[in-house]
Protein chains: 2
Amino acid sequence: MKLAELGEFRLIDVLSKTVDDSRDSQLPQQKNIVIGIGDDTAAWKNTRGITLATTDCLVENIHFRQGQTSWRDLGWKALAVNLSDIAAMGGTPEHALVTIGLPHDLEMEPVIDLYKGILEAGNTFGVAIAGGDTTSSKTIFISITLTGSSGKQMLKRSSARPGDLIAVTGHPGMAAAGFKLINGKLGNSEFDSPLKQAFLRPYPRIAEGNVILSAGGRTAIDISDGLMADLQHICGSSGTGACIHTDLIPIHPAVRKAFPSQALDLALGGGEDYELLFAADAGVIEKVRKRTATEVTIIGEITAGPASVVRAVDANGSPYQLENTGWEHFGKF
Amino acid sequence: MKLAELGEFRLIDVLSKTVDDSRDSQLPQQKNIVIGIGDDTAAWKNTRGITLATTDCLVENIHFRQGQTSWRDLGWKALAVNLSDIAAMGGTPEHALVTIGLPHDLEMEPVIDLYKGILEAGNTFGVAIAGGDTTSSKTIFISITLTGSSGKQMLKRSSARPGDLIAVTGHPGMAAAGFKLINGKLGNSEFDSPLKQAFLRPYPRIAEGNVILSAGGRTAIDISDGLMADLQHICGSSGTGACIHTDLIPIHPAVRKAFPSQALDLALGGGEDYELLFAADAGVIEKVRKRTATEVTIIGEITAGPASVVRAVDANGSPYQLENTGWEHFGKF
């Protein structure tokens, strides 16, 4: 079967199984893994607590196109998508290794701008660039590995319980709307700029992740794949269902203005938002609200079942059918 | 200036300077970096000792060609080149994150074989695969980040002193000879198999790195770029010169047989060997020899100067001029 037919998530399942089947479970390094493949980051124990590690890659013509982003923004985003994974664990980012593949006929200046963007994000969020690799490649890619730390507790995908409320930071759908504007060469009004920015230069929710964890939250994910798709990841890992109320989704006015008929679908199905979706009881969510200036909105609840099924209902309780749930890197493999 | 004119090593210099200029030196994460860009791995302090981290990437048509390697060997090598960097620090490998970029029309089976090769190397050297990323990409690439640990001491590039002897493990040049055989579609005798294996499935010198460090060694590098080029990296970092005696180079009989007139140049200039080159006094080298079954050969000495200049002399003391010193990913950027 070709990867295009399999899709990214099933590919990850197959590779996880390959790792499970082939690994040596007696290895000390295997035994101290707290979280392996299948969460926002990996995590392993050491004497000072938990080390988090994540890796995320941006590939030309899959995640970005030359000419549609500045090199500096591209560098910022390459680190930001990794920071978002640390945020989704409630962790603190620490060190990054940066691998870049570049065509031999590229000029030096864009590469320096790319690095400056990475460093800007690093300085903003307390990350030191410790090393990396450079290589020639026909296709441009930026692959960053980011480490971080957490105490004994972390925000996981697998800890949702029926009765938990589901909340989201910020305004999902902004990045997907920005992507549509950029890709369709639409919207150059001042009003569109926050949407394009949301796509080109996402701001990872590190502080909010820390707040959710310290407020007693246990379950979170970043919505890089889209709200519904990522909620399904939580349900799949937790063995629960979920129900979303479409009238509660905090759609940004700029999204409504730019795409009136598609705004809800962009909010539910669009990816690349890097907001946090979390499940907790009402008391925890109230504490989170008090401790951050970021908008936090309750949009639904975790249900006992059916397992791995995320339903969306409108204000009347009627089922709402999304056109597209999530994207896999702007298309299938 | 285009990257092709600049070359990989100067690109790394420029990017290192960009990092130095832009980083926030007050960051705690910056302050605990022991080794940043410019050694085999990065290293930072934590309460249990030193964390090592390295990342190395194999790119299609730069580091490998489909059809010239099995997918399983490719997976092994992708982890092995990272293991070699940990070996060059005298460290112990721990956890790996694996990022793969794959074209959408690739079949599933080769991807599983690739992973099995990574896992085989992981199980052999005590590495747990903790996570990773998969993405669509026209150009196939495998980017692995590997962490490890060491005590307070590490093998560095910067600690060579005039008077140190220079030693090398194994037989440099085997991988370069293997690469020539594979690429020229030459040599299918049994005699050629170890050469092809040396290129396709390098065996990182983890145990030997540990022995060099415990025997009192302080200076090492893996010769992935070629013996002369990597010795120059040591001299550049240490502010020393070096002199190599060509008659002492341990050339493998299979290399001599396959490439009689080029054998010495392959040993001095060929890359991808993943042997360890180290500088130490005679007593340390003798201890290393006693503690490993791997061949260890003294091939020259570190000199006071001229700084960063590596000379090669023949048995009569006459200068020996290499045709090509090292390669940069089988060619320039």
Side-chain angles (χ1 to χ4, degrees), chain A residues 1-4 6 8 11-12 14-15 18-19 22-24 27 29-30 33 36-37 41-42 44 46-48 53-57 59 62 94-95 97 99 101-102 104-108 112 115-116 119 123 126-139 141 143 145 329 332-333, chain B residues 1-4 6 8 11-12 14-15 18-19 22-24 27 29-30 33 36-37 41-42 44 46-48 53-57 59 62 94-95 97 99 101-102 104-108 112 115-116 119 123 126-139 141 143 145 329 332-333:
Chain A
M1 185 184 279
K2 288 193 195 303
L3 300 184
L6 196 71
E8 187 194 357
L11 171 63
I12 293 172
V14 172
L15 295 180
T18 306
V19 171
S22 303
R23 71 184 176 194
D24 177 354
L27 278 182
Q29 297 315 332
Q30 196 67 56
I33 290 185
I37 297 168
T41 78
W44 54 81
N46 58 45
T47 51
R48 72 185 170 132
T54 186
T55 185
D56 237 327
C57 186
V59 178
I62 304 291
E94 296 186 336
H95 296 98
L97 300 177
T99 296
L102 302 166
H104 61 86
D105 58 352
L106 191 69
E107 293 287 331
M108 191 62 226
I112 293 176
Y115 246 73
K116 284 187 177 164
L119 286 156
N123 289 339
V127 173
I129 311 303
D133 189 22
T134 57
T135 174
S136 183
S137 172
K138 261 177 125 167
T139 305
F141 64 87
S143 174
T145 298
H329 297 156
K332 296 283 172 191
F333 236 99
Chain B
M1 185 183 278
K2 289 193 196 302
L3 300 184
L6 196 70
E8 187 194 357
L11 171 62
I12 293 172
V14 171
L15 295 180
T18 307
V19 171
S22 304
R23 72 182 177 195
D24 176 357
L27 279 182
Q29 297 315 331
Q30 197 68 56
I33 290 184
I37 298 168
T41 78
W44 54 82
N46 58 44
T47 50
R48 71 182 170 134
T54 185
T55 186
D56 236 328
C57 187
V59 179
I62 305 292
E94 295 187 336
H95 297 98
L97 299 179
T99 295
L102 303 165
H104 61 86
D105 59 351
L106 191 68
E107 293 288 332
M108 191 62 226
I112 293 176
Y115 246 73
K116 284 188 177 165
L119 285 155
N123 288 339
V127 173
I129 311 304
D133 189 22
T134 57
T135 174
S136 183
S137 171
K138 262 176 124 169
T139 305
F141 64 86
S143 173
T145 298
H329 297 156
K332 296 283 172 191
F333 235 99

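All of these numbers come straight from a predicted model, not from anything done at the bench.
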Reported CG-to-CG distance for the pair A/L102 and B/L11, which is rounded to 0.5 angstrom: 7.0 Å
Closest-packed option against chain B by number of heavy-atom pairs under 4.5 Å, given A/T54, A/I129, A/T99: A/T99
Chain B contacts, top residue of A/I112, A/V19, A/L15, A/V127 (heavy-atom pairs, under 4.5 Å): A/L15
Top contributor to chain B contacts, counting heavy-atom pairs under 4.5 Å, from A/A128, A/G131, A/A42: A/A128
Per-residue contact mode, A/T41 against chain B (heavy atom under 4.5 angstrom): neither
Contacting moiety of B/S143, where chain A heavy atoms sit under 4.5 Å: side chain
Check: B/F141 and A/T135 side chains under 4.5 Å, non-hydrogen atoms: no
Residue pair B/D133 / A/C57: nearest heavy atoms and the distance that separates them: OD2-N, 3.0 Å
A/M108 CE to B/K2 NZ distance, which is reported to the nearest 0.5 Å: 13.0 Å
Separation between CD1 of A/I12 and OG1 of B/T134, rounded to the nearest 0.5 Å: 4.0 Å
By side chain to side chain contact (heavy atoms under 4.5 Å, CB included) - contacts of A/K138 (at least two apart): B/T139
Partner residues of B/T145 under the side chain to side chain contact (heavy atoms under 4.5 Å, CB included) criterion, sequence neighbours left out: A/L97, A/T145, B/T55
Option in B/I33, B/V14, B/L119 with maximal non-hydrogen atom pairs under 4.5 Å from chain A: B/L119
Atom group of B/L106 that falls short of 4.5 Å from chain A, counting heavy atoms: both
